[in-house]
Amino acid sequence: MINRMASPVELLGTYLHLARAAELRRQPLVRDRLLVLAAVIAAQSAGLVPIAAACRERILRHNPGHLIGNWPTVSAAMQTADFSALVEQIARRFSPEEAEQLLAQLGIERGAERRAYFSDGEYAAALLGEDWAALRQRFGASD
């Protein structure tokens, strides 16, 4: 159990780890929910819009009819009541505390893994199995 508030990038890492675990466990709907939360955090974080776009793209690759596809970007979706309601619903199920507990139950020990990367973007991209430079080129640099 964490006694302190996780930083946005730590929480982003938690959701991306859980999304990857859900994918490996063949739980695509759970993975998509976790990617929605990761996308929202990334969209709200300086310089991480390409991560939000990559999460959105993954959700739509699996589920082309997902609500997130109604808007061109995660930031645009976040401005609407429909998407906000979806995010609130998912966030109740996967609160930061619950997400940390799930991570521990899965035996995922992160330690200081973020420090192994040059930037938050590089770290998040690695958790998605993507190349940060390629994501920035595909979705645009946002710093």
Side-chain angles (χ1 to χ4, degrees), residues 1-117 119-140 142:
M1 186 79 122
I2 290 185
N3 293 331
R4 61 177 171 72
M5 186 92 146
S7 74
V9 76
E10 289 172 327
L11 189 55
L12 174 62
T14 296
Y15 288 132
L16 289 174
H17 270 294
L18 291 174
R20 184 169 57 188
E23 187 168 347
L24 292 172
R25 295 170 73 122
R26 292 185 170 85
Q27 298 173 320
L29 297 176
V30 172
R31 184 206 63 172
D32 289 354
R33 290 179 188 124
L34 293 160
L35 286 174
V36 165
L37 295 176
V40 167
I41 293 168
Q44 295 172 332
S45 300
L48 295 182
V49 170
I51 297 299
C55 291
R56 178 183 176 278
E57 179 180 79
R58 264 193 202 192
I59 293 165
L60 293 174
R61 190 178 315 138
H62 163 256
N63 183 358
H66 193 281
L67 184 66
I68 203 167
N70 290 345
W71 300 276
T73 65
V74 176
S75 296
M78 289 169 47
Q79 304 304 313
T80 68
D82 287 346
F83 188 73
S84 294
L86 174 66
V87 171
E88 287 175 23
Q89 178 186 7
I90 297 170
R92 278 193 298 275
R93 169 62 182 97
F94 296 103
S95 69
E97 297 79 17
E98 178 70 21
E100 285 292 336
Q101 288 176 0
L102 287 170
L103 210 59
Q105 287 172 4
L106 291 171
I108 299 171
E109 187 61 46
R110 292 185 359 214
E113 72 179 3
R114 164 55 189 95
R115 286 187 275 183
Y117 296 91
S119 70
D120 292 343
E122 187 179 278
Y123 167 61
L127 292 176
L128 283 169
E130 299 274 358
D131 177 73
W132 177 232
L135 287 180
R136 288 177 55 148
Q137 184 174 25
R138 195 161 83 224
F139 297 115
S142 62

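Here the closest non-hydrogen pair linking Ala43 and Met78 is CB-SD, 3.8 Å. Contact detail for Ile51 and Gly121: the closest heavy-atom pair is CD1-O, 3.8 Å. Closest approach of Phe83 to Ala77, counting heavy atoms only: CB-O, 3.1 Å. Nearest heavy-atom pair across Trp132 and Gly47 is CH2-O, 3.3 Å. The two residues Ala19 and Arg31 come nearest to each other via the heavy atoms O-CG, 3.3 Å. Here the shortest heavy-atom pairing between Leu135 and Ala54 reads CD2-CB, 3.8 Å.
Checking side-chain atoms of Glu122 against main-chain N and O of Ser119 turns up no donor-acceptor pair under 3.5 Å. The closest donor-acceptor contact from the side chain of Ser84 to the backbone of Thr80 lies under 3.5 Å. Arg58 places a side-chain N or O within donor-acceptor distance of the main-chain N or O of Leu128, the cut-off being under 3.5 Å.
Checked against side-chain contact (heavy atoms from CB on, under 4.5 Å), Thr73 has the following partners two or more places apart in sequence or in another chain: Ser75, Ala76. Listed by chain and number, the residues in a side-chain contact (heavy atoms from CB on, under 4.5 Å) with Ala53 are Phe139 (sequence neighbours excluded).
Residues Ile90 and Leu86 are in side-chain contact: their nearest non-hydrogen atoms beyond the backbone lie under 4.5 Å apart. Counting heavy atoms from C-beta on, the side chains of Tyr15 and Leu35 never come closer than 4.5 Å. For the pair Leu37 and Leu18, the minimum side-chain heavy-atom distance is 4.5 Å or more. Looking at heavy atoms from C-beta onward, Asn63 lies out of side-chain contact with Pro28 at the 4.5 angstrom threshold.
A distance of 5.5 Å separates CD in Glu98 from CD in Gln101, rounded to the nearest 0.5 Å. To the nearest 0.5 angstrom, Phe94 atom CZ is 11.0 Å from Gln89 atom CD. One finds the CZ atom of Arg33 at 10.0 Å from the CD atom of Gln27 (value rounded to the nearest 0.5 Å). Here NE2 of His17 is found 10.0 Å from CG of Leu12. Values are rounded to the nearest 0.5 Å. The CD atom of Glu57 lies 4.5 Å from the CZ atom of Arg138; values are rounded to the nearest 0.5 Å. Within the model, atoms CG of Asn70 and CG of Asp82 stand 8.0 Å from one another, a figure rounded to the nearest 0.5 Å.
Side chains of His62 and Asp32: a donor on one and an acceptor on the other come within 3.5 Å.
Annotation for Arg26: atom CZ does not count as buried by contact number, only 12 or fewer foreign heavy atoms lying within 6.0 Å.
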- Should Cys55 and Leu16 be marked as a side chain to side chain contact (heavy atoms under 4.5 Å, CB included) after you check the CA-CA gap, both sets of side-chain angles, and the distance that decides it? CA-CA 9 Å; Cys55 291; Leu16 289 174; 4.1 Å; yes

- Show your reasoning for whether side chain to side chain contact (heavy atoms under 4.5 Å, CB included) applies to Arg25 and Val30. CA-CA 10 Å; Arg25 295 170 73 122; Val30 172; over 6 Å; no

